[in-house]
Amino acid sequence: MRPEGLDVHLLRALADMPFLNRQEMVAVTGRSKGAVHEAVERLQNSGLCASVLHAVDPFPPSRRFHLTAAGLRWLAGEERTSPDHLVRSRPLSTEWRRSLMERMDPLAVIYRLASILSDYAYPMRFRWYRSSKLDAGVELPGGKTVGIVRQGPTADRSVFAQRLWRLKDETLPGIVLVLTTDAVRLRHARRMLSTTDVPALLAIEGEAALSGADDHIWTPAQVHASVSLRYALDRMDPGGALPEETKPALASVPADLPVTGPAAGHMLPVTLKPAEKRALDLVFDWPWITLSELAGLLGVSPQRASQLVNPLEGFSLAVRPREAGGRLAVSDRGLGLLARRDRTSVAAARKRWSVTPEDAKVPFAWRNLAGSRSRQLLRNIEHTSAVHAFIAAFAGQARHLGWDVVQLDPPGRASRHFRHDDRIRSVNPDAFGVLRRGEETWAFFLEWERRAVRPSTMATRLAPYLRYYSSNRPMDDHGLRPAALIVFEDDIAATHFLRVARERMHASTITVPLWVSHKEAIDALGPLGRAWRTPEAAYEPPRTLPTEVQ
């Protein structure tokens, strides 16, 4: 059967935008849902396109379609060119297919944005990027151009800031849509972009994935406001241009994807289920976590957590070294999967987080691990385990009390850098979290303190927080003042710290929202139990945190 009309339109759309689902095809072709579904069925029956089943939060599972080898040859004939030329001019080569499949999870969000833009102004032209600082670009009728940049969960904050900064060195579109994982990263990116000439709108990825053109979720880089995408596009002047990438020197015509068989690395994003992907992200965030602690973070039973971990181990994405007490960590293969998903350096991820022994002949030990951060965390496993146990218990107890756990950041993402007395300073807590219930939001830093036993050492530990809270940076970073939770190994150390903190805050006239406890109280009552004291009420009975349900 020779494709005609809409069938040809869909084949060309799949050449420009591989792995569209049916709903996105409706948006980019401007045709009815029924017509698109019938045309897709005809193309499948003719062997010109095939599909893979993909699922990622917050989207329902869907079939994503791509050209088969037969479909690629037919389209090349229709456009009077060779298959070799076609794969060089479109994202259709073996190399491009592998790259897009590795980025399948963010692809779903980016195609959602493209669908919104197509509904706003039809027809639009879409372009993927591999080496540009942009992830994708869209040309709209009337000369308007839109770039899309995404910050993935594993993207290092400073590296992503450099990526945004270097946008100004490329050809700039009329506006750049920046997707971040959470509000803290959004504020950081917005603060950095406000000093550049990059015309940007920022949004949290999860909100953008579920939004429409009229939802006020986008924040301009230079203005403290929330606007809709339609509002911004209506007021955007024509102009700008999308960067051009050099055509690849090597581009091979892809073979059809296998229906069965072992999952290749680039097939894993369509092989893993959303819950398994969440588990892998949490193991990456909290290396050397136990199965029961992972269950607490996921909000499931240990049996269910084991079911989620089994395929991760089966695909060699996670490991549980017996010498590490069976604690979980992401393997080198898993690090590669996450890094390619988020367009970050695989080598840098492994240099920091690899749990592979540098010398296979040496018995497993923290000294022999290739990853610097994994090595440090395993070396201080008592401290690492204490933090993991606290965070897991905190998440479980918060859910029981009716709070939504919006954000739980490990040390690498919990740190905050700021300027104080013309110097760059930082606070480096063991975790950062955000809870939300209705209109109420509560945030905290966690410091699990094992070494500060002398008053001088306690004062040194407190000093970064005195500097941080002496300015407006807590409000700038979070939109509120997070509590600082300090947990000591015993009640004696906690009591001494309360005295030191009270004296230091009185002397400096700086108030830090400190809440202090100790391990025995936390183990007995839970992180949200009556286990906390403040410097101002150090001699009163312990209290709960401000998250108590009244």
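As the structure is a prediction and not an experimental result, all values here were calculated from the model.
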**By ring pair (Phe, Tyr, Trp, His ring centres under 6.0 Å) - contacts of Tyr111 (at least two apart)** =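 Applying ring pair (Phe, Tyr, Trp, His ring centres under 6.0 Å) to Tyr111 gives Phe126, Trp128.
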**Partners passing ring pair (Phe, Tyr, Trp, His ring centres under 6.0 Å) against Phe444 (at least two apart in sequence or in another chain)** =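 Partners of Phe444 under the ring pair (Phe, Tyr, Trp, His ring centres under 6.0 Å) test: Phe394, Trp442.
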**Message:** I want to check something: taking the side chain as every heavy atom from C-beta on, are Leu67 and Leu92 in contact at a cut-off of under 4.5 Å?
**Reply:**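 The answer is yes; the side chains approach within 4.5 Å.
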**Asked** Got Trp218 and Ser226 here, is their nearest side-chain heavy-atom distance under 4.5 Å?
**Response**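 A side-chain contact under 4.5 Å is absent here.
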**Message:** ring-ring contact (aromatic ring centres under 6.0 Å, His included) for Phe432 and His478? Distances and angles first, verdict last.
**Reply:** CA-CA 11 Å; Phe432 170 79; His478 313 101; 4.9 Å; yes
**Request:** Answer yes or no: does atom CZ of Arg31 have more than 12 heavy-atom neighbours from other residues, nucleotides or ligands under 6.0 Å?
**Result:**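 Not more than 12 within 6.0 Å, no.
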**Asked** Taking the six-membered ring of Trp96 as reference, does the NZ or CZ atom of Arg90 fall below 6.0 Å from its centre and within a 45° cone about the axis?
**Response**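 Negative - Arg90 is either too far from the ring of Trp96 or too far off its axis.
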**Message:** Here's a test for you: under salt bridge (charged side-chain N to carboxylate O under 4.0 Å, His left out), which of Arg127, Arg150, Arg163 qualifies with Asp135?
**Reply:**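 Among Arg127, Arg150, Arg163, the one that satisfies the salt bridge (charged side-chain N to carboxylate O under 4.0 Å, His left out) with Asp135 is Arg163.
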**Prompt:** Is the gap between the ring centers of Phe19 and His54 under 6.0 Å?
**Reply:**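 That pair fails the under 6.0 Å test.
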**Item:** Derivation of the side chain to side chain contact (heavy atoms under 4.5 Å, CB included) call for Val146 and Leu233
**Value:** CA-CA 9 Å; Val146 180; Leu233 293 173; 4.1 Å; yes
**Asked** Any side-chain donor-acceptor pair under 3.5 Å between Ser316 and Arg333?
**Response**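 No pair is found: no donor N or O on one side chain lies under 3.5 Å from an acceptor on the other.
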**Asked** Among side-chain atoms of Ser415 and Arg157, is any donor-acceptor pair under 3.5 angstrom?
**Response**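 Yes.
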**Prompt:** From Tyr129 OH over to Arg343 CZ, what is the distance, rounded to the nearest 0.5 angstrom?
**Reply:**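 Separation between the atoms: 10.5 Å.
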